[in-house]
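Data first, discussion second: the structure below is written as structure tokens.
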Amino acid sequence: MTRRTRRKMTNGVFLALSLVATMAGLACLAAILWTLVSNGIAGMSWHLFTQMTPPPGGQGGLLNALYGSAVMTLLGILIGSPIGVLAGTYLAEYGRDSRLSVTIRFINDVLLSAPSIIIGLFVYEIVVVRIGHFSAFAGALSLAVLAIPVTLRTTEDMLNLVPLGMKDSSAALGAYPWRTILSVLYPAARSGIVTGLLLAIARISGETAPLLFTALNNQFWSTDLNAPMANLPVVIFQFALSPYKDWQDLAWAGALIITVTILVLSISARVLLALLEAERGSGR
Amino acid sequence: MAIIDPGHAAKQLIYERVFRSATLAAAILVLLILGGVFVSLLRGAWPALAHFGFSFVTREIWNPVTDEYGALAPIYGTVVTSVIAMLIAVPAGFGIALFLTELCPPLLKRPIGVAVELLAAVPSIIFGIWGLFVLAPVLQRHVQPWLIEHVGHLPVVGPLFKGPPFGIGILTAGVVLAIMVLPFIAATMRDVFDTVPPMLKESGYGLGATTWEVMWNVVVPHSRVGIVGGIMLGLGRALGETMAVTFVIGNAHRISSSILAPGTTISSSIANEFTEAVGDLYTSSLIALGLLLFLITFTVIAAAQAMLRRLERRGFAVA
């Protein structure tokens with residue numbers, strides 16, 4: 001074999017392997033989605049949205065879990081995102097390259113990939129142990145802590161994308177930075193910041209580990225924020241590992257609901273970003 | 001001629017101070033959270049650490065009845081599952097990044113990139129039930145018997161593949177983790193490869209190099225730091241991943257020589273036992289596991305970020 005053919009063959013083999021790797025990655029995504037749809041569709045019915053989680057062996061739905069997940073996710077975003085947006089504003093507009101900002105940026109990136117179970121233990125230590133019992137509020141708080149790094153990151157990035165001229169014009173009119181930020185920068189970066197919020201909701205609505213030690217679970221309907229509250233991820237965890245067929249079916253249905261929600265959120269965030277880029281590209 | 005109202009100007013200045021302080025407070029809160037995590041975990045773990053001392057990390061025993069706890073089995077499980085995950089995910093992620101930067105038709109580049117990123121958005125509990133009900137039976141029926149028969153009696157690596165095919169266990173957890181961290185590694189590598197100046201690659205092609213030779217001899221050396229950073233970011237995820245592993249690892253507090261056997265990891269021990277733990281020492285030992293995990297992942301992620309930051313200064317945005 002000549003050197004030339006050997007080199008060509010090596011090239012062909014590795015490029016073929018890279019194609020195989022890509023196909024395998026896509027196949028995993030397809031396999032997971034297919035499993036969810038084929039198992040979840042069987043459990044889809046109106047009962048899911050009208051009945052409570054059943055006792056072992058009984059019929060029921062996921063109403064309390066859906067409600068609990070919605071409440072805690074919403075509360076988590078309401079607490080976490082203002083902090084994330086404000087902190088991102090500080091880094092982009094006030095702190096910039098000061099030593100404090102560099103440190104905070106670094107710590108934030110670490111928090112962004114930190115295991116969520118650690119955050120659950122943290123909130124357990126500072127809230128659940130103090131109060132003495134599990135509560136929906138503690139669950140929301142742990143989700144808020146997870147939402148902060150995501151919103152901080154996108155806010156800072158998006159504010160940095162606003163053209164300098166807009167900021168300078170506002171300053172030239174005599175506006176203080178706070179006015180410029182609220183009346184010029186935030187509106188200009190609005191869709192970017194909303195993208196960050198969508199990504200944060202997508203991130204926290206599927207979180208299970210931190211809720212295990214904070215909100216726990218509740219078999220019954222509860223709107224009390226100071227009591228344990230049912231939520232979709234923990235219900236899926238418990239029901240999927242149970243030996244009861246009814247519970248497992250509910251777990252699959254819940255898994256389908258949660259995944260579809262999260263994929264829709266992630267895709268909308270991407271579409272929003274693409275629209276934003278197109279807008280910029282058209283020279284606006 | 002504008003008339004400056006002194007009252008208005010003073011009010012503006014107050015608003016400015018208030019707003020600035022609010023943003024500063026929010027930014028400092030991020031620091032406080034990380035500090036708070038460390039302090040509260042240390043406080044929660046203190047009874048166990050004081051009771052067991054350094055032997056906490058060197059003993060395999062985990063017995064709630066006699067109230068004796070050692071972290072060696074969870075540490076072992078965490079490390080081994082993550083190593084398996086990286087052995088699979090790093091070459092596969094490299095392949096995907098290579099495909100996306102060099103081979104993929106431009107029309108498909110975006111859809112495939114998005115699909116890979118969507119895999120990263122799937123929550124970990126979904127990987128868990130998929131792993132338990134779909135992947136584990138497949139491994140049990142087709143892959144593990146083959147491994148036992150053909151690799152199990154080889155010298156050196158043989159003992160790793162001995163014993164009955166349980167389906168669930170260390171190997172299955174490693175495979176699920178590999179699929180979960182694959183998108184992170186692939187996306188980071190792709191972004192790093194995209195920063196290689198086209199001129200460098202063109203020079204390689206100009207000398208008559210094949211696509212693979214340009215990749216291996218030009219792109220990879222140029223983006224070494226970023227590649228390692230991306231791998232460590234993936235490793236950080238794998239070490240701390242909880243729910244997916246909890247479903248498929250089998251939860252056995254022991255160290256087996258075989259990777260087909262059930263085991264446990266730090267995070268899955270906490271997730272499984274925390275709400276059922278009775279007794280202060282038991283709870284405290286679990287929090288001590290959490291502290292260990294925090295220290296390990298913090299080191300790995302911080303190192304990864306530091307590496308990627310070195311690249312950022314060369315004009316690369318960290319994903």
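Letters A, B, ... mirror the listed sequences (proteins, then strands); counts begin at 1.
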- Message: Between Leu29(A) and chain B, with a heavy-atom cut-off of 4.5 Å, which part of the residue counts as in contact: side chain, backbone, both or neither?
- Response: both
- Query: Most heavy-atom pairs under 4.5 angstrom with chain A, which of Ile33(B), Leu135(B), Leu100(B)?
  - Reply: Ile33(B)
- The interface call for Leu256(A) against chain B, heavy-atom contacts under 4.5 Å, is neither
- Counting distance only, does the side-chain N/O of Asn11(A) pair as donor-acceptor with the main-chain N or O of Trp212(B) below 3.5 Å? yes
- For residues 288-296 of chain B against chain A, heavy atoms under 4.5 Å, the residues are Gly290(B), Leu293(B), Phe294(B)
- Item | Stepwise side chain to side chain contact (heavy atoms under 4.5 Å, CB included) check, Leu86(A) with Leu29(B) | CA-CA 11 Å; Leu86(A) 282 177; Leu29(B) 191 66; over 6 Å; no
- Task: Please determine, among Gly12(A), Ala31(A), Ala30(A), the option with the most heavy-atom pairs under 4.5 Å with chain B.
- Result: Ala31(A)
- Sequence neighbours excluded, the answer for side chain to side chain contact (heavy atoms under 4.5 Å, CB included) partners of Gln248(A) is Ser242(A), Phe133(B)
- Query: Are the charged groups of Glu16(B) and Arg179(A) less than 4.0 angstrom apart, N to O?
  - Reply: no
- Message: Would you say that Ser18(A) contacts Leu103(B) through its side chain, given a criterion of any heavy-atom pair below 4.5 Å between the two side chains?
- Response: yes
- Side-chain heavy-atom pair Phe237(A), Ile125(B) within 4.5 angstrom cut-off: yes
- Query: Where on Leu265(A) is there a heavy atom nearer than 4.5 Å to chain B: the side chain, the backbone, both, or neither?
  - Reply: neither
- Task: For each of Val122(B), Val30(B), Leu98(B), Ile179(B), tally heavy-atom pairs with chain A at distances under 4.5 Å, and name the one with the top tally.
- Result: Val30(B)
- Passes side chain to side chain contact (heavy atoms under 4.5 Å, CB included), Thr23(B) versus Tyr94(A)? Steps please. CA-CA 9 Å; Thr23(B) 61; Tyr94(A) 289 116; 3.5 Å; yes
- Between chain B and each of Pro177(A), Ser266(A), Ala202(A), count heavy-atom pairs under 4.5 Å; write down the option with the most. Pro177(A)
- Does the ring pair (Phe, Tyr, Trp, His ring centres under 6.0 Å) test come out yes or no for Tyr176(A) and Phe19(B), once each step is laid out? CA-CA 11 Å; Tyr176(A) 274 99; Phe19(B) 186 76; over 10 Å; no
- Item | Residue part contacting chain B, namely of Ser113(A), when any heavy atom lies under 4.5 Å | both
- Most heavy-atom pairs under 4.5 angstrom with chain B, which of Ile107(A), Leu19(A), Ile117(A)? Ile117(A)
- Test side-chain contact (heavy atoms from CB on, under 4.5 Å) applied to Ile301(B) and Val110(A), Leu111(A), Asp109(A), the passing residue: Val110(A)
- Residues Val114(B) and Arg270(A): closest non-hydrogen pair is CG1-CD, 3.8 Å
- Task: Would you indicate whether the side-chain heavy atoms of Ile126(B) and Ile32(A) approach each other to under 4.5 Å?
- Result: yes
- Note on the structure: The interface call for Ala209(A) against chain B, heavy-atom contacts under 4.5 Å, is both
- What residue, out of Glu241(B), Glu117(B), Arg110(B), has the most heavy-atom pairs lying under 4.5 Å from chain A? Glu117(B)
- Item | Qualifying residues under side-chain hydrogen bond (donor to acceptor under 3.5 Å, both in side chains), relative to Asn218(A), sequence neighbours excluded | none
- Query: With sequence neighbours left out, what residues match Arg203(A) under salt bridge (charged side-chain N to carboxylate O under 4.0 Å, His left out)?
  - Reply: Glu207(A)
- Query: Does a side-chain heavy-atom distance below 4.5 Å link Leu239(B) with Pro115(A)?
  - Reply: no
